[in-house]
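Side chains are part of it too, since the values below use all heavy atoms of this structure and drop only hydrogens, waters and symmetry mates.
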Amino acid sequence: MKTLTAGTPAPNFTLMNQDNQPVSLTDFKGKKVLAYFYPKAMTPGCTVQACGLRDSKAELDAHNIVVLGISIDPVKRLPKFIERDNLNFTLLSDEDHVVADQFGVWGEKKFMGKIYDGLHRISFLINEEGVIEHVFNKFKTKDHHDVVLNYLNDNA
């Protein structure tokens with residue numbers, strides 16, 4: 001697994017959102033995109049992470065940022081997550097992990113002594129031109145939004 005790095009053009013992608021509508025990275029030209037990959041909707045860690053981003057929407061908006069949450073969940077699972085936790089951003093389904101592969105976030109994981117392939121919790125800040133500006137790969141789910149906002153405020 002080789003994760004994409006800052007300075008690399010982000011792979012263009014089109015995935016289905018929670019409303020079963022196609023969403024492409026190119027839809028957001030002129031805005032920054034926080035593409036955050038998370039393992040599974042409605043699990044404790046992913047919920048804490050999503051709610052932190054939800055509660056930071058005004059600050060993220062002030063930085064011209066669109067949040068896209070990407071998981072390998074089927075489309076039909078995504079509206080439940082949005083509804084249950086009042087999420088105010090788009091969730092995308094990458095069931096066959098093609099986009100996760102392109103970004104280098106699909107690969108070997110270890111959990112309770114088991115080794116398996118899965119989605120790594122990594123976020124990419126993509127600039128207005130579609131180039132990866134920053135990779136967030138060191139954070140706890142509860143402070144992910146703070147790590148992102150601190151980076152944005154320090155680089156404003």
Could you go step by step and tell me if V98 and W106 meet the side-chain contact (heavy atoms from CB on, under 4.5 Å) rule? CA-CA 9 Å; V98 167; W106 181 262; over 6 Å; no
Check the pair R84 / M42 against side-chain contact (heavy atoms from CB on, under 4.5 Å), numbers first and verdict last. CA-CA 9 Å; R84 189 192 75 177; M42 297 188 280; 3.5 Å; yes
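Between K31 and E128, no side-chain nitrogen of the basic residue sits less than 4.0 Å from a carboxylate oxygen of the acidic one, so the salt-bridge criterion is not met.
At least one side-chain heavy atom of V67 sits less than 4.5 Å from a side-chain heavy atom of L60. Looking at heavy atoms from C-beta onward, F37 lies out of side-chain contact with S71 at the 4.5 angstrom threshold. At least one side-chain heavy atom of V148 sits under 4.5 Å from a side-chain heavy atom of L34. The shortest side-chain heavy-atom distance between R121 and T141 falls under the 4.5 Å cut-off. D19 is not listed as a side-chain neighbour of L78, based on a closest heavy-atom distance of 4.5 Å or more. Counting only heavy atoms from C-beta outward, the side chains of M16 and Q21 never approach each other to under 4.5 Å. S93 places none of its side-chain heavy atoms less than 4.5 Å from the side chain of Q18. Two residues are said to be in side-chain contact when any heavy atoms from C-beta on lie closer than 4.5 Å; V23 and D27 meet this criterion.
The nearest pair of heavy atoms linking N12 to Q102 is O-OE1, 4.1 Å. The two residues L25 and A10 have their closest heavy-atom pair at CD2-CB, 3.8 Å. Residues L119 and K109 come closest through the heavy atom pair O-NZ, 2.7 Å. Taking all atoms of both residues into account, the shortest heavy-atom contact from I72 to E95 is O-CG, 3.4 Å. Between P11 and F103, the shortest heavy-atom distance links the atoms CD-CZ, 3.6 Å. Nearest heavy atom pair, residue L4 against residue F124, reads O-CE2, 3.6 Å.
Note that NE2 of H63 and OG of S56 are 10.5 Å apart. Values are rounded to the nearest 0.5 Å. Considering OG of S123 and CG of L68, their distance stands at 11.0 Å, rounded to 0.5 Å. If you take CD on Q49 and NE2 on H145, they are separated by 10.5 Å, rounding to the nearest 0.5 Å.
Few gaps surround OH on Y116; more than 12 heavy atoms of other groups in view lie less than 6.0 Å from it.
Of the possible donor and acceptor atoms, one in the side chain of N64 sits under 3.5 Å from a partner among the backbone N and O of G30. Formation of a donor-acceptor pair under 3.5 Å by the D94 side chain with backbone atoms of V99 is found in this model. The backbone N or O of G104 lies less than 3.5 Å from no partner atom in the side chain of K2, so there is not a single donor-acceptor pair. For D55 (side chain) and G52 (main-chain N/O), no donor-acceptor pair under 3.5 Å exists by modelled atom type. Remark: the backbone N or O of G130 is paired with a side-chain donor or acceptor of N127 at under 3.5 angstrom. With D85 contributing its side chain and L87 its backbone, the two residues share no donor-acceptor pair below 3.5 Å.
Under the 4.5 Å side-chain heavy-atom criterion for Ile, Leu, Val, Met, Phe, Trp and Tyr, L125 and L91 are members of the same hydrophobic cluster. The cluster map of Ile, Leu, Val, Met, Phe, Trp and Tyr, joined by side-chain heavy atoms under 4.5 Å apart, puts V147 and V135 in different clusters. Tracing side-chain contacts under 4.5 Å through hydrophobic residues (I, L, V, M, F, W, Y), one never reaches V75 starting from I70; they form parts of separate clusters. In the hydrophobic clustering of ILVMFWY residues, with side-chain heavy atoms under 4.5 Å counting as a link, I126 and L92 come out together. Residues I132 and V33 are members of one and the same hydrophobic cluster, defined by side-chain heavy-atom contacts under 4.5 angstrom among Ile, Leu, Val, Met, Phe, Trp and Tyr.
Ring to ring, H144 and Y36 are close: their centroids are under 6.0 angstrom apart.
Residues meeting the ring-ring contact (aromatic ring centres under 6.0 Å, His included) test with H134, sequence neighbours left out: F136, Y151. Under the salt bridge (charged side-chain N to carboxylate O under 4.0 Å, His left out) criterion, R77 pairs with D73, not counting sequence neighbours.
Between F81 and Y38, the angle of the ring planes lies from 30° to 60°, which puts this pair in the tilted group.
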